[in-house]
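To start, the structure under review is shown below, and the notes come after it.
Letters go in sequence order (proteins before strands), and every chain restarts at 1. A quick note: this is a predicted structure, and the numbers were derived from the prediction, not measured.
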2 protein chains.
Amino acid sequence: MHAGRIPSNASVSTAVVMLTIRAQKLQLLLVRPDPDTVTQQWILPGARIVDDEDLDESAARGLREQTGIAGIYLEQLYTFRRARSVPRMITVAYFALAPSARLQRDAVATRELHWFDLDGLPALHGDDEAIVTMAHERLAAKLDYSTIAFQFMPETFTLTELQSVYETILREPLDKRNFRKRMHALRRIEDTGETRRNGSHRPARLYRSRYPDRVEFIK
Amino acid sequence: MHAGRIPSNASVSTAVVMLTIRAQKLQLLLVRPDPDTVTQQWILPGARIVDDEDLDESAARGLREQTGIAGIYLEQLYTFRRARSVPRMITVAYFALAPSARLQRDAVATRELHWFDLDGLPALHGDDEAIVTMAHERLAAKLDYSTIAFQFMPETFTLTELQSVYETILREPLDKRNFRKRMHALRRIEDTGETRRNGSHRPARLYRSRYPDRVEFIK
DNA sequence: ACAAAAGTGTTTCGTATACACCCATGA
DNA sequence: TCATGGGTGTATACGAAACACTTTTGT
């Protein structure tokens with residue numbers, strides 16, 4: 001008995017649930033299955049862990065190398081053991097959020113990648129389905145007690161767009177006046193002074209996030 | 001580029017932040033440093049991960065093998081990479097909660113183990129200090145939105161004892177009447193009909209947890 | 001009779017919710 | 001002038017917080 005933890009060898013990788021919102025839908029970025037493999041299942045981007053790299057770095061690197069996406073919000077989610085499937089594989093899952101505009105700039109439209117509606121996913125590899133479900137749950141929970149929603153917003157945005165982000169994640173409509181009251185009370189957005197003309201109706205004020213890189217707990 | 005995640009080899013172990021409450025103090029169980037090692041630092045109980053064992057099992061086994069404690073609440077906390085210290089070590093951290101009475105029954109008083117007050121800890125190994133801090137934060141947060149506090153309660157308990165658990169974790173006094181209202185409204189405890197005489201004052205009603213094994217989200 | 005913890009309700013306050021109309025623009 | 005989404009305030013309901021005295025026992 002005694003004597004502390006003795007390390008073992010196991011296969012460890014990070015996996016990233018990359019989410020964005022486009023056309024009022026949560027979208028997930030998946031990597032196309034290798035045509036040579038038997039199981040033709042899409043997989044989450046990720047990386048094996050290499051020397052002297054911490055877990056956050058590994059997840060960021062996996063995402064960058066496989067998708068070109070970098071510099072966005074990443075949060076560790078949970079660590080899974082692929083019990084039966086892949087032998088002795090441990091997956092440290094992360095989720096990543098970004099505004100869709102930013103992703104187009106990073107040109108993520110290769111033959112090997114595809115965005116899927118979160119509720120129209122193909123068959124996924126191993127634990128990936130459970131990972132995606134947990135990411136969505138965590139995200140929805142965090143809306144209530146953090147400023148995480150701003151991670152989906154571009155530089156400037158309208159309050160209607162912000163509300164739409166909340167509604168998309170929560171899958172329920174919100175009251176416009178109460179939503180705006182809440183957002184102003186948060187004191188996390190500021191008026192840019194600009195407006196945006198959109199159609200044959202009154203233009204919308206544009207706001208910007210005060211602390212775009214911080215995700216803070218609220219209340 | 002492409003082709004999904006290729007597993008790497010790394011040292012993976014689980015570590016358990018075993019907490020209980022004794023004499024209105026949060027207490028942490030640590031394993032005495034091996035006299036042969038250079039760094040004389042106490043460490044968290046844990047285990048290396050072995051074949052065909054999932055992470056929860058590994059944490060439970062590590063705790064059982066090193067401390068004799070089994071069958072209690074365990075929750076995955078976070079996964080840490082020991083960046084600099086131990087080479088290529090990954091630690092999947094868990095926290096465990098149990099009523100102190102139960103732990104005495106399991107006879108955890110060997111020369112190799114010791115309970116420490118949470119705010120009087122010795123120097124810890126590697127990331128263990130950060131792990132313990134995170135466990136305490138998570139626990140305090142969960143008091144607000146789950147029934148996790150009941151994991152510290154024995155078979156039967158008084159409302160004053162239950163309140164003391166909340167106060168110990170939150171490090172702040174609570175209003176007795178409001179606390180009792182809240183607990184009854186939860187509908188998670190039931191009156192046993194028994195009372196307990198304690199000193200030269202009115203005896204206290206004894207309650208029992210309705211679902212002692214479940215930790216549920218509330219509100 | 002007194003000390004000491006157990007037990008119990010009501011009022012107050014602040015926040016969340018429900019709800020409907022006018023505004024600015026393009027066609 | 002009409003259609004369209006943008007923008008605004010108030011009244012109500014509900015839950016959280018503050019607060020003090022009576023009860024039951026042992027000595």
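- Within residues 160-184 of chain A, the residues approaching DNA chain D are A:Thr160, A:Lys176, A:Arg177, A:Arg180, A:Lys181, by heavy-atom distance under 4.0 Å.
- For B:Arg202, taking side-chain heavy atoms from C-beta onward, the closest of the listed nucleotides C:dT25, D:dT23, D:dT25 is D:dT23.
- Salt-bridge check for A:Arg208 with A:Glu155: failed, with every basic side-chain N at 4.0 Å or more from each acidic carboxylate O.
- The residues B:Arg210 and B:Glu216 are annotated as not salt-bridged, no charged nitrogen and carboxylate oxygen being separated by less than 4.0 angstrom.
- Residue B:Leu206 contributes atom CG, which lies 17 Å from atom P of D:dT24 at whole-angstrom precision.
- Aromatic ring pairs are classed by plane angle as parallel below 30°, tilted from 30° to 60° and perpendicular above 60°; the pair A:Phe217 and A:Tyr145 is parallel.
- Summarising the geometry, the separation between CZ on A:Arg196 and P on C:dA24 is reported as 20 Å, rounded to the nearest angstrom.
- Summarising the geometry, the separation between CD1 on B:Ile218 and P on D:dG15 is reported as 14 Å, rounded to the nearest angstrom.
- Both B:Tyr207 and A:Ser200 lie close to DNA chain C; mapped to their nearest nucleotides by heavy-atom distance, the more 5′-ward contact belongs to B:Tyr207.
- Atom pair A:His201:NE2 and C:dC21:P shows a separation of 22 Å (rounding to whole Å applied).
- A salt bridge links A:Lys142 and A:Glu75; the closest N-O separation between the charged side-chain nitrogens and carboxylate oxygens is under 4.0 Å.
- Under the ring pair (Phe, Tyr, Trp, His ring centres under 6.0 Å) test applied with A:Tyr166, the options A:Phe179, A:Phe150, A:Phe152 reduce to a single match, A:Phe179.
- One finds a salt bridge joining B:Glu65 and B:Arg61 here, because a Lys/Arg side-chain nitrogen approaches an Asp/Glu carboxylate oxygen to under 4.0 Å.
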